[in-house]
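See below for the structure under consideration.
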Amino acid sequence: MDDGSGVDVRVLHVDDEPSLTDLVSVYLEREAGDVDLSVTTSASGADALDRLREEQVDCVVSDYDMPDIDGLEFLRAVRSEHPDLPFILFTGKGSEEVARDAFRVGATDYMQKDTGTDQYTVLANRVLNAVSQYRAKEASERYGAAIEALDSGVYSLDDSGHFTEVDSVFCELTGYERDDILEQHVTDLAMEDGGDLSDAFETVTSCEGADTERFETILAPGPYADHDEILCEGHLAARQDGDEEPGVIGTLQDVTERSRHRERLHYETRLKDAVLDTSTSLMSAEADEIGTKIEWTLQTVGEVSDLARCSVFLYDDETNVAVQMHDWQDDGCQVNHPTRVALDDADWLVERLNRFENIRLHNTSDLPPGASNTKEMLETADTGGFVAVPMVSKWTLIGFIVFDVTDEGRSWTDTEVDLLRSVGDNVAHTLARQRREHELQRQNERLEEFASVVSHDLRNPLNVAKGFVELASEEDDVSHLSRALDGLTRMDTLLNDVLTLARQGRKVGDTEPVTVAQVAERAWKAVETGDAVLVVEDGIGSTQADQGRLQQAFENLFRNAVEHGSDGDAAETETLVRVGPTETGFYVADNGPGIPEQDRDTVFEHGHTTSESGSGFGLSIVESIVEAHGWEIVATAPEPDLGGARFEFDVGGVRPEVEPRFSLSDD
């Protein structure tokens, strides 16, 4: 890295604490290894700017919180005079906002101060890397300019703008033979009216105009050109020939790739800003805002990247199905992404996502022969090209995001794919946070329920038992003890049910395909049903479930039906319980007294009971088992021929309002 002055790298360290600048200087110079690194220090941004104007500096390391101007203001001032000079913000006041603003203003790197001396080794490495990359870029630009000059075509024009001479580079660039160009007017080679080129020619040939003029034009291809059209940059310079007649000499160069590169850099900068903005928004989102913020993220990224659609899919590891949870699509896009993707139909895609790989496809036709099912799925969705990034939490694939276009030939750069992967990481982190918050909320609710039972529901039977024990003692009458025993039995029922409810809030264990009818019949045998009758209809089929937990749900419903069926007028008829299929699951119905319509929305709340012996937790336990599976249960209108209670289980799919079983482990 030596620049000929005896020192490899010169660092300017700016910090308002002199003792710290001295310490950093010593460690940076020592940790630079074989590189001769020299550190000069400054205690303020204003002084540092003066040093930059007077001294040669290869890298600036600056604090953020300083008295005269802060690190960001100092960085803005540096960038106004030194657009590319390596600048590392090394600060103890770290936050996502400071880092985001630093990169926006143009920081090369950002590092937060820590305890210990190991951080200075890291800082030295970052300084050397930044300087190395800066110097490589400068060298590339210098050599690139020389190479571009060699690639320029040279030509001459007479005072009317007609070609009088061209070189071989010019002929190759334009796609014309030399004899075909001579005598043509210079504007004949330009697409459209050639106004910029014509203005440049008039400027250099006029008495008052500049001697040289730069222009850009889109070149019309000649008969031997291997391109449709190219963007060219040229220069015209006035000259006098030997007869003192005015003439013009010019150069022409293909800058199409340079222009595309410039546009690509501008686009990637805008995409980077969008990713930073959306990540900040997602990190600060409240629980009830997360869905809206995710869809705003998809829209922002989709519009900046000129995409057709963006969709978030969550993976249900039990059904091997990916379910669309959030999506955005451009107004001009006519075809939606599928809402459910059977991963067996996209094994080429899934295999790579399971390895946590980013997937990019420029054209659907580029898929290998072994990916025919994936190709068919993409063609059905009218996908031309796409990027798919995995969403990972705790080293587990929880889903993926698809960013796609409907036209083929979209070029996805490494930087673009990396930024889209950042979007996937941010969404995955946000969903994991949402899940943890929901779990904490449910735990708090169960604790409140438990406290309610302990403080209120248990107090009544405890007072009953205590009162009758005292009466038995005072009156020497043991008949009171049977009433006390009733209170203790009531307490035992309440304790068992509330403990069961607290435990049911945990996630279900291992699941497997189970035959619903068989589970229902086993549950019926486990409950004291007396003379009650169970009817299980055909066609219920199977579902993925924790068999023990599902059986417990059936047991609670059957016990509820039998207990309420023995009350009132229902006792005159035989209790009948029926289990049957629905379009999205199954139902359990009975011929008991039923549930009033106004109570159907609250019947699953703890403490809700119409039986003197009931704890009021039976249906709460059923609901907790159902929700742990990612299902839904509702109390509906009764069966016409039964007239009692009817509970419908919806196991038909994952819905946004019900958290899916997508392998996010509990803490």
Side-chain angles (χ1 to χ4, degrees), residues 318 492-493 496-567 570 574-582 584-595 603-604 606 608-611 613-636 638-639 642 644-652:
E318 294 178 350
D492 183 60
T493 300
N496 286 335
D497 282 353
V498 76
L499 289 174
T500 298
L501 181 62
R503 295 186 181 113
Q504 300 305 344
R506 301 172 185 167
K507 291 180 60 163
V508 294
D510 294 334
T511 63
E512 59 185 351
V514 298
T515 303
V516 177
Q518 293 178 356
V519 177
E521 289 168 353
R522 278 196 294 270
W524 184 260
K525 294 176 181 178
V527 176
E528 292 185 9
T529 57
D531 297 330
V533 175
L534 173 68
V535 175
V536 180
E537 295 183 340
D538 295 333
I540 302 178
S542 302
T543 190
Q544 195 82 13
D546 179 333
Q547 181 171 304
R549 297 285 295 280
L550 178 58
Q551 179 172 328
Q552 186 176 15
F554 274 124
E555 289 177 12
N556 280 32
L557 288 176
F558 294 159
R559 190 178 295 111
N560 188 72
V562 171
E563 289 176 354
H564 288 82
S566 63
D567 296 337
E574 184 180 57
T575 299
L576 175 64
V577 179
R578 185 162 67 211
V579 179
T582 66
T584 58
F586 54 90
Y587 71 88
V588 177
D590 61 55
N591 64 344
I595 303 171
V603 71
F604 295 103
H606 84 274
H608 187 284
T609 182
T610 58
S611 170
S613 61
S615 67
F617 285 92
L619 293 181
S620 292
I621 293 171
V622 173
E623 184 183 47
S624 70
I625 294 172
V626 168
E627 289 182 347
H629 280 84
W631 305 339
E632 282 187 344
I633 184 172
V634 292
T636 66
E639 292 282 286
L642 294 180
R646 185 181 187 275
F647 301 95
E648 187 169 316
F649 290 70
D650 183 353
V651 300

Next on the checklist: Pair F649, V588 - check side chain to side chain contact (heavy atoms under 4.5 Å, CB included), show working.
Outcome noted: CA-CA 8 Å; F649 290 70; V588 177; 4.2 Å; yes

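- Residues G644 and P638 come closest through the heavy atom pair O-CB, 2.9 Å.
- Checked by atom type, the side-chain pair Q551/E555 shows a donor-acceptor distance below 3.5 Å.
- Using the six-membered ring where Trp is involved, F647 and F604 have ring planes that are perpendicular, over 60° apart on the 30 and 60° scheme.
- R646 CZ to T636 OG1: the interatomic distance, rounded to the nearest 0.5 Å, is 4.0 Å.
- Among all heavy-atom pairs drawn from W631 and A545, the shortest one is CH2-CB, 3.7 Å.
- L557 CG to I633 CD1: the interatomic distance, rounded to the nearest 0.5 Å, is 5.5 Å.
- With a 4.5 Å cut-off on side-chain heavy atoms, R559 and N556 count as touching.
- Here the CZ-CZ distance, from F554 to R522, works out to 10.5 Å after rounding to the nearest 0.5 Å.
- Annotation: the span from E563 atom CD to T575 atom OG1 amounts to 11.0 Å, rounded to 0.5 Å.
- Scanning both residues, A523 and F558, for their nearest heavy atoms gives CB-CE1, 3.9 Å.
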Checklist entry - Yes or no on side chain to side chain contact (heavy atoms under 4.5 Å, CB included) for L534 and T529, after CA distance, side-chain angles and deciding distance? => result CA-CA 9 Å; L534 173 68; T529 57; over 6 Å; no

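- I625 and A553 make their closest contact through CD1-N, 3.7 Å (heavy atoms, listed as atom of the first residue, atom of the second, distance).
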Next on the checklist: Assess the residue pair V535 and V577 against the criterion (side chain to side chain contact (heavy atoms under 4.5 Å, CB included)); give the C-alpha distance rounded to whole Å, side-chain angles, the decisive distance to 0.1 Å, and a yes or no.
Outcome noted: CA-CA 6 Å; V535 175; V577 179; over 6 Å; no

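- The closest donor-acceptor contact from the side chain of N591 to the backbone of L576 lies under 3.5 Å.
- Closest approach of G580 to E537, counting heavy atoms only: CA-OE1, 3.6 Å.
- Here OG1 of T584 is found 9.0 Å from CD of E632. Values are rounded to the nearest 0.5 Å.
- Considering CG of D590 and CG of N560, their distance stands at 7.5 Å, rounded to 0.5 Å.
- For the pair Q544 and H629, the tightest heavy-atom approach, listed with the atom from each and the gap, is O-CD2, 4.3 Å.
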